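Report on one structure; see the data block that follows.
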Amino acid sequence: MKILIVEDETVLRETMVDQLEKEGYRCETAIDLEQSLEKIELYQYEIVLLDVGLPDGNGLEVLNRLKMLHPETGVVIISARHALEDKVLGLREGADDYLTKPFHFPELNARIKSLIRRRFFQGNQIIEFGSLKIDLLSNTIFVLDKAVELNKKEYDLLLFFVMNKNRVLTKAAIAEHLWGDYMDLADNFDLVYTHVKNLRKRILQNGGEDYIKTIYGMGYKLSI
């Protein structure tokens, strides 16, 4: 899962990145309105953690633009403002949740997990696709009810496929999801091919079926 953290407070921003990456999320950051708008124009995120009070403008501008570009993205407003009207306005404009500073990280983590389940998996904790099963709370993959160990990139790749089942995902989209803007510097998508091949191998070795179809000239699709 890829998260954009929009926060101008350096210590808080770095702490959020550190804690969320330990939970297995891949994080990118923006420190102001201009940078935030640029990020969401160029890249797509599953979750945006959005500070409303940015040094060069109101974070709700990011929310409004985001809902035009990527309405499926989940948004949690994080703000030091305590006024009820700020919370109501943010939710009315399309935010999914609201967290007031200061907050405890376990609460933020719980809200992110809940939002992911609501936004992408109809509120379910256990996701099933054919012989595959994913426990979103423990980040565990099962093939034919047997736990299978995947590395972080393989887990992220499988989850990305399941979130977009029956849709063709280009190699560029997969690369940007797994590595973010670092892939802008890449000359090719060999890493994507390698991770798809390894994921297929792990599923097949454990008795599962190969649901990942190669769509030549385009990318890959997860389908039964």
Side-chain angles (χ1 to χ4, degrees), residues 1-10 12-17 19-21 23-81 83-101 103 105 107-123 136 156 159-164 167 169-170 172-184:
M1 286 286 179
K2 188 170 60 168
I3 296 178
L4 175 64
I5 300 171
V6 180
E7 174 58 63
D8 64 308
E9 295 181 28
T10 302
L12 177 58
R13 182 177 65 252
E14 293 177 350
T15 300
M16 291 169 67
V17 169
Q19 293 295 323
L20 289 174
E21 288 185 343
E23 291 292 322
Y25 300 108
R26 189 168 57 75
C27 299
E28 295 181 11
T29 63
I31 62 173
D32 55 29
L33 180 62
E34 180 181 5
Q35 196 175 80
S36 304
L37 292 172
E38 180 181 5
K39 286 275 189 178
I40 64 173
E41 290 278 353
L42 292 173
Y43 308 109
Q44 189 167 354
Y45 303 90
E46 277 72 51
I47 303 291
V48 173
L49 305 179
L50 178 62
D51 186 359
V52 174
L54 299 174
D56 58 342
N58 192 319
L60 291 180
E61 291 186 42
V62 179
L63 175 61
N64 292 331
R65 184 60 180 159
L66 186 65
K67 290 306 173 181
M68 293 176 60
L69 294 171
H70 308 294
E72 70 280 5
T73 298
V75 179
V76 179
I77 289 180
I78 298 177
S79 175
R81 301 179 182 180
L84 178 62
E85 55 267 28
D86 290 326
K87 177 179 180 179
V88 171
L89 180 58
L91 296 174
R92 183 183 298 152
E93 292 294 322
D96 298 277
D97 205 346
Y98 190 104
L99 195 58
T100 302
K101 302 177 188 177
F103 56 84
F105 178 76
E107 180 181 6
L108 173 62
N109 190 36
R111 293 191 185 214
I112 291 173
K113 287 183 179 292
S114 176
L115 178 53
I116 289 171
R117 294 196 301 272
R118 296 198 313 269
R119 271 276 170 181
F120 302 103
F121 302 110
Q122 294 77 51
L136 296 174
D156 288 346
L159 197 59
F160 190 46
F161 274 127
V162 172
M163 290 168 57
N164 295 277
R167 293 175 55 190
L169 297 175
T170 66
I174 294 171
E176 195 271 317
H177 179 82
L178 294 179
W179 291 280
D181 49 12
Y182 294 107
M183 284 306 294
D184 290 346

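Predicted, not measured: the structure shown is a model, and the values here were computed from it. All heavy atoms count here, side chains included; hydrogens, waters and symmetry mates do not.
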Distance (rounded to the nearest 0.5 Å) between Leu159 CG and Phe121 CZ: 4.5 Å
Between Leu66 and Leu50, is there a side-chain heavy-atom distance shorter than 4.5 Å? no
Distance (rounded to the nearest 0.5 Å) between Met1 CE and Asp156 CG: 8.5 Å
Check: Asp97 side chain, Arg111 main-chain N or O, donor-acceptor pair, under 3.5 Å: no
Hits for side chain to side chain contact (heavy atoms under 4.5 Å, CB included) against Glu61, two or more places apart or cross-chain, chain-then-number order -> Leu33
Pairing of Asp51 and Arg13 as salt bridge, 4.0 angstrom limit: no
With heavy-atom distances below 4.5 Å as the criterion, would you say the side chains of Lys39 and Tyr45 are in contact? yes
Nearest heavy atoms of Ser79 and Tyr98, plus distance in Å: CB-OH, 3.8 Å
Under a 4.0 Å threshold between the charged nitrogen and the carboxylate oxygen, would Asp96 count as salt-bridged to Arg119? yes
Which residue is it: Ile112, Leu4, Val6, Ile77? I am looking for the one with a side chain to side chain contact (heavy atoms under 4.5 Å, CB included) to Leu49. Ile112
Between Lys2 (side chain only) and Gln44 (backbone N and O only), is there a donor and an acceptor less than 3.5 Å apart? yes
Start with the C-alpha gap between Ile3 and Met16, add the side-chain angles, then the distance that decides, and say whether side chain to side chain contact (heavy atoms under 4.5 Å, CB included) holds. CA-CA 11 Å; Ile3 296 178; Met16 291 169 67; over 6 Å; no
Backbone of Ala95 reached by a side-chain donor or acceptor of Lys67 within 3.5 Å: no
Testing the basics here: between Phe103 and Leu99, what is the closest heavy-atom pair and its distance to 0.1 Å? CG-CD2, 3.7 Å
Any residue meeting ring-ring contact (aromatic ring centres under 6.0 Å, His included) with Phe161, in chain and number order, not counting sequence neighbours: none
Quick check: closest heavy atoms across Gly90 and Leu63, and the distance to 0.1 Å? O-CD2, 3.6 Å
Arg65/Glu41 salt bridge by N-O under 4.0 Å criterion: yes
Would you mind reporting whether His177 and Leu169 have side-chain heavy atoms less than 4.5 Å apart? no
Can you confirm whether Thr29 sits close enough to Glu7 that some side-chain heavy atom of one is under 4.5 Å from a side-chain heavy atom of the other? no
Measuring only between side-chain heavy atoms, which start at C-beta, is Phe105 closer than 4.5 Å to Leu20? yes
Does Lys113 reach the side chain of Arg117, with side-chain heavy atoms less than 4.5 Å apart? yes
Quick one: are Tyr25 and Ile5 in side-chain contact, heavy atoms under 4.5 Å? no
